Amino acid sequence: MTNSASLSRRATAELVGTAALLVVVIGSGIQAAALTSDTGVALVANSLASAIGLGLIITLFGPLSGAHLNPVVTLTAWWGRRTGGEGLEGREALVYVAAQTAGAIGGAVLAEAMFGRLPGAFSTQVRDGGHLLVGEVVATAGLVLVIQGLGRIGRPKLIPAAVAAYIAAAIWFTSSGSFANPAGTIGRSFSDSFTGIAPQSLPGFVAAQLVGGILGLVLAGLLYGSTRRAAASTTATPSGIPSITGTSTTTGTIGPVAETSAPGPAFQAVG
């Protein structure tokens, strides 16, 4: 890892960041549903709030942990290290995923309590059907491709805005509403609200998200080359110029937000 922050600090950033993301997603959903009976208007409000919140969270926590906020993004970072690039070790990835999941559940409970609802009540909103799972595969693959693509072409500074814009669009163009985040999906099962998902729908959604993550990695490799090749291409970068990993080639300081070593968020589809 190029990030010098301790694992405990990075895990805390992932926990707090993912919790904040779920508060934004669920809280804006509850607020929107309370203010209007028009589902379209509610979705506009929810998607805008989610995208803006996600961009801000990535910008704030990116320098600490990479602002993965999403186990799929964390697993792509782990895979990047295994294939010769920079990324997370297995133990780090496990800690990240645990922190993200705990944060997502905590954020969902907090959002429910904040609006005077019963915290911890499971969602009754069943989301089933093969077309929804296809939507989750597409949403997650696109998310990974955006993060990996920008990282591999040396444009990590664009990741916060690009991911936020992608999520805002994917909420609308995918049949599933673009959860695209296993931790966020689990967290949203603890909210019986506009943005919730019933526990029985979790296995299919999480499996689809993992498949989408693999597909996104494959597409990134086909389009932009391997992480090993991307890392090798930065060795001739002049001193002090940000490399493709988003860090200085001489100081090893933390770069913009996400890079091959600590790809951007995830998270949150949204969350």
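Please read all numbers here as calculations on a predicted model, not as lab measurements.
Under a hydrophobic-cluster definition in which Ile, Leu, Val, Met, Phe, Trp and Tyr are linked whenever side-chain heavy atoms come within less than 4.5 Å, directly or via other members, I159 and L223 are assigned to the same cluster. Cluster membership check: L56 does not share its hydrophobic cluster with V73, using side-chain heavy-atom separations under 4.5 Å among Ile, Leu, Val, Met, Phe, Trp and Tyr. Residue V41 is not grouped with residue I26 when hydrophobic side chains (ILVMFWY) are merged at heavy-atom distances under 4.5 angstrom, including chains of intermediate members. Both W172 and V137 belong to a common hydrophobic cluster when Ile, Leu, Val, Met, Phe, Trp and Tyr are linked at side-chain heavy-atom distances under 4.5 angstrom. Under the 4.5 Å side-chain heavy-atom criterion for ILVMFWY residues, a single connected hydrophobic cluster contains both V25 and V44.
Across all their heavy atoms, A164 and L54 have their closest contact at CA-CD2, 4.4 Å. Across all non-hydrogen atoms, the minimal contact from I58 to P160 is CG2-CG, 3.9 Å. Shown here for T174 and A170, the closest heavy-atom pair between the two residues is OG1-O, 2.6 Å. Residues A162 and V146 share a closest heavy-atom pair of CB-CG1, 4.0 Å. A pairwise comparison of heavy atoms in V72 and G213 identifies CG1-CA, 3.8 Å as the closest pair. What you find for V24 and S28 is that their closest heavy atoms are O-OG, 2.7 Å.
A salt bridge links E89 to R81: one of the charged nitrogens lies within less than 4.0 Å of a carboxylate oxygen.
A distance of 8.0 Å separates OG in S189 from CD1 in I197, rounded to the nearest 0.5 Å. In this structure, CG on L145 lies 8.5 Å from OH on Y166, to the nearest 0.5 angstrom. Here R9 contributes atom CZ and S65 contributes atom OG; the two are 10.5 Å apart, rounded to the nearest 0.5 Å. To the nearest 0.5 angstrom, L217 atom CG is 5.5 Å from Q148 atom CD. Here OG1 of T18 is found 7.0 Å from CG of N181. Values are rounded to the nearest 0.5 Å. In this structure, the separation between CD1 on I171 and OG on S50 is 4.5 Å, given to the nearest 0.5 Å.
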Exercise for review: Please report the C-alpha distance between S193 and E112 in whole Å, then the side-chain angles of each, then the deciding distance to 0.1 Å, and finally whether the side-chain contact (heavy atoms from CB on, under 4.5 Å) criterion is met.
Suggested key: CA-CA 9 Å; S193 66; E112 291 284 303; 4.1 Å; yes
Name each donor-acceptor pair under 3.5 Å that joins a side chain in residues 29-37 to protein atoms two or more places apart or in another chain, with its distance.
residue	atom	partner	partner atom	Å
T36	OG1	D38	N	3.0

Give the table of side-chain donor-acceptor pairs shorter than 3.5 Å for residues 97-110, with sequence neighbours excluded, one pair per line with atom names and distance.
residue	atom	partner	partner atom	Å
Q100	NE2	E14	OE1	2.8
Q100	NE2	T74	OG1	2.9
T101	OG1	V97	O	2.9

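In this model, no donor atom of one side chain and acceptor atom of the other lie less than 3.5 Å apart for D128 and S201. Remark: the T140 side chain and the Q209 side chain contain no N/O donor-acceptor pair separated by less than 3.5 Å.
Contact check for S176 versus L133: no side-chain heavy atoms found under the 4.5 Å cut-off. The side-chain heavy atoms of V134 and S175, taken from C-beta on, include no pair separated by under 4.5 Å. Looking at heavy atoms from C-beta onward, L143 lies in side-chain contact with N70 at the 4.5 angstrom threshold. With a 4.5 Å cut-off on side-chain heavy atoms, Y96 and R10 count as touching. Put simply, the side chain of W79 reaches to within 4.5 Å of the side chain of T83, judged on heavy atoms. Considering only heavy atoms from C-beta on, L43 comes within 4.5 Å of F194 through its side chain. With a 4.5 Å cut-off on side-chain heavy atoms, L22 and R188 count as touching. Contact annotation: the side chain of S123 never approaches that of S191 to less than 4.5 Å [non-hydrogen atoms, C-beta and beyond].
Residue Y224 forms a side chain to side chain contact (heavy atoms under 4.5 Å, CB included) with just one option from L219, L150, I153, and that option is I153.
Put simply, the side chain of Q200 never gets that close to the backbone of V126: no donor and acceptor are under 3.5 Å apart. Remark: the backbone N or O of A180 is not paired with any side-chain donor or acceptor of S178 at under 3.5 angstrom. Side-chain atoms of D192 come within 3.5 Å of backbone atoms of T124 as a donor-acceptor pair (strictly under, hydrogens ignored).
Note on ring orientation: taking the six-membered ring where Trp is involved, the planes of F205 and F179 are perpendicular (angle over 60°, cut-offs 30° and 60°).
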